[in-house]
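Step one of this worksheet: look at the structure below.
Lettering of chains follows the sequences in order, A, B, ..., and the numbering in each one begins at 1.
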Protein chains: 2
Amino acid sequence: MVGRVDVARLAGVSPAVVSYVLNDSHPVAPATRERVVAAIDELGYRPNALARSLATARTHTLGLLLPESANPYFARLSSAIEDAAFEAGFAVLLGNGVDSTARELGYVRAFLDRRVDGIIAVPGGDFAEGWRELQAAKVPAVSLDRLQAGIDLPSVVVDNAGGARAATEHLIEHGRTRIACLTGGEGLSSAQERVIGWRGALADAGLPAEDRRLAFTPFSVEAGHAATLELLERDPAIDAIFAGSDTQAVGTLRALADVGLRAGEDVAIVSFDGTPISDYTTPRLTTVVQPYAEIATEVVRMLLTLIEDPAQDRSRLHRVLPTTLLRRDTCGCGPAARSDAERVPALAGASATTTRIEQNQTEPKEFL
Amino acid sequence: MVGRVDVARLAGVSPAVVSYVLNDSHPVAPATRERVVAAIDELGYRPNALARSLATARTHTLGLLLPESANPYFARLSSAIEDAAFEAGFAVLLGNGVDSTARELGYVRAFLDRRVDGIIAVPGGDFAEGWRELQAAKVPAVSLDRLQAGIDLPSVVVDNAGGARAATEHLIEHGRTRIACLTGGEGLSSAQERVIGWRGALADAGLPAEDRRLAFTPFSVEAGHAATLELLERDPAIDAIFAGSDTQAVGTLRALADVGLRAGEDVAIVSFDGTPISDYTTPRLTTVVQPYAEIATEVVRMLLTLIEDPAQDRSRLHRVLPTTLLRRDTCGCGPAARSDAERVPALAGASATTTRIEQNQTEPKEFL
DNA sequence: TTGAAAGCGCTAACAA
DNA sequence: TTGTTAGCGCTTTCAA
């Protein structure tokens, strides 16, 4: 491995000068600089980032802690983050906490040990201890997608309540009146907020938000399937379901088929997330799309400012991004309706400030 | 930040002794060791991995280069790899090459600069230069999922030909005779091998493998959709399609719906990969499942042995893992058939050695 | 069994 | 404008 002494010798300068041109942190005579540059690429020299980091206390590496990167939602999210980090010149260390407090803590330590400049975390388990160690190490971190009670981490989340409200309002516009809500684990702030949006839309329309039409269950296909069957059993008259995630909605689709109900006709569905899979189902899911690219750039930007200045105004470090209702088939709009935007009037009022409505067949920035 | 000198002072020993107990690389008196251990966790001391790596030339970090981690297949794969790496005590740096040679090279350098112990790559663009730099840096690397012409990297791939053969044979068993093949970009070894399996099964059955029934197109929903329509136009009599990936099969499903053909009835489908999305479609995809966990443990294991001993026998560094045909609905087995294993006779002959047949509704190790 | 000291490859004062 | 030198926090001979 060629080191900067080799470069220095070839260029006929001292090792320090090599550093100067590398980081141009110091004035260097044009002629000298040229010789050094020439030597550098003649030898194919690349500075050792470990040594550099040890000296500068900067690794240009971020830690990304997710519950499970194979989940379509987190996969989409992590891809966007990796992209934003790459743009900013940062590499990312990825860890899946798999909803295990111990494993999450293991990754927090692995990241800290490796001296990442910052950490982005979607906490799954109990993040209290991880958060404590993060603070002790004074490493900037931002909480993504959800908030955890008692932990005042800077955060980037979407307008869950607004998105859920828009989804529910849209179902109401379709004439649905017995609208159920299927959402994630009760411990998750995102799940709770979506319920609030659902309730709000129903209340505004003078419709009841009955508890028997509400189900908290994990964000998974299986859980969505089981919960849908149970909702249907508790109230067979349900004519629409707002599902808190695309994966759950896939389970809902399956459950409806099981009992012989037609999605989008007998029971309308609107889900949340707008992951690629929402476009793979039959019929396609009408869904509240999260702005992945914006989330990613925002969270990376926030982390970088925090790295620059760790002691900045905390109040400005909580961002809520808007979502977009993407009308496809399961809400009842269907292929025919899609060609006639007028049949579904635009939403007005509260949710309009945070939720855009879109008429589209696929997510704008598809990954494939 | 507390360093080992603080620990040493508190324990009343020299800094060196702290190292000794940390790595137990040296005999230490029991009493001394105890004092050091006590000091370590009283102070919450954690060794700086950068400094340690600089001294030992080991980072316990792997670089994982993928085309695009949001793709369901790579998402599934990366999750399995992250898991295997975690088991082995390694962290992983993740990079998406997005089929760009420049970006792939950027990541190879980012990984090399950070002195990863090894690299796992699923090359998308032209990997020649990356491979050159990898060799120059003498950093072990293994090629995953596909091989690249002219590059003799250690590799872990699945039995693409065998899986494709099993898929096609299964379609033949269902009485299909005009079986088309839809597969990935012509430049990909995996795509080519799947075509070979398709041809082989047809040949064995005395069926023609007509070129008009073969299409090379990217592994994406859109491409699968367009290619299916074209195949159908070239030969409207097609009664089955072997799709080289689940994502393409989703496009096929959509195309069939477009032209009013019923999947699993008018046209049977078997796809490849066995990603979670294959279970989200309607009807569910019969698919050739890749052994994600085995692939991951194998590739990590191979990389670790290479790290231990870079100069080992190259011939043993190419592994081909078996796939499993997972019968669901699109092949024609359908829910009814699933309860009667006898209706679909087990395969015999060549493919039996590398392809297991399974009767199951979902992938065994689901991530949700 | 313990300690002193020389690296690992770089940055960054400080001198020249 | 360039060179010298002292770290960065650890491992690891080599002596004691």
Measure CG/A/L54 against P/C/dG9 and give the value in whole Å, please.
12 Å

Which pairs, protein N/O on one side and nucleotides 13-16 of chain C N/O on the other, fall under 3.5 Å?
| from | atom 1 | to | atom 2 | distance (Å) |
| --- | --- | --- | --- | --- |
| C/dA13 | N6 | A/Y20 | OH | 2.8 |

Using whole Å, what does the distance between atom C1' of nucleotide D/dC10 and atom CZ of A/R114 come to?
15 Å

Length of the line joining A/R58:CZ and C/dT11:C1', which is rounded to integer Å
14 Å

Would you call A/R103 and B/E82 a salt bridge, using N to O less than 4.0 angstrom?
yes

Classify the nucleic acid contact of B/S53 as base, sugar-phosphate or nothing, counting any heavy atom under 4.0 Å across all strands shown.
nothing

Whole angstroms only, please: what is the CG-P distance between B/L50 and C/dT11?
14 Å

When we call it a touch if two heavy atoms are under 4.0 Å apart, what does B/R52 touch: a base, just sugar-phosphate, or nothing?
sugar-phosphate

Could you label the plane-to-plane angle of the A/F90 and A/H60 rings as parallel, tilted or perpendicular, counting under 30° as parallel and over 60° as perpendicular?
tilted

Select base, sugar-phosphate, or nothing to describe what B/P27 touches, counting heavy atoms under 4.0 Å on all strands.
base

Under 4.0 Å between any heavy atoms, over every strand shown, what does A/S25 touch: base, sugar-phosphate, or nothing? Just pick one.
nothing

Please work out if A/T56 contacts a base, only the sugar-phosphate, or nothing of the nucleic acid, heavy-atom cut-off 4.0 Å.
sugar-phosphate

Are B/R46 and B/D41 close enough for a salt bridge, meaning some N to O gap below 4.0 Å?
no

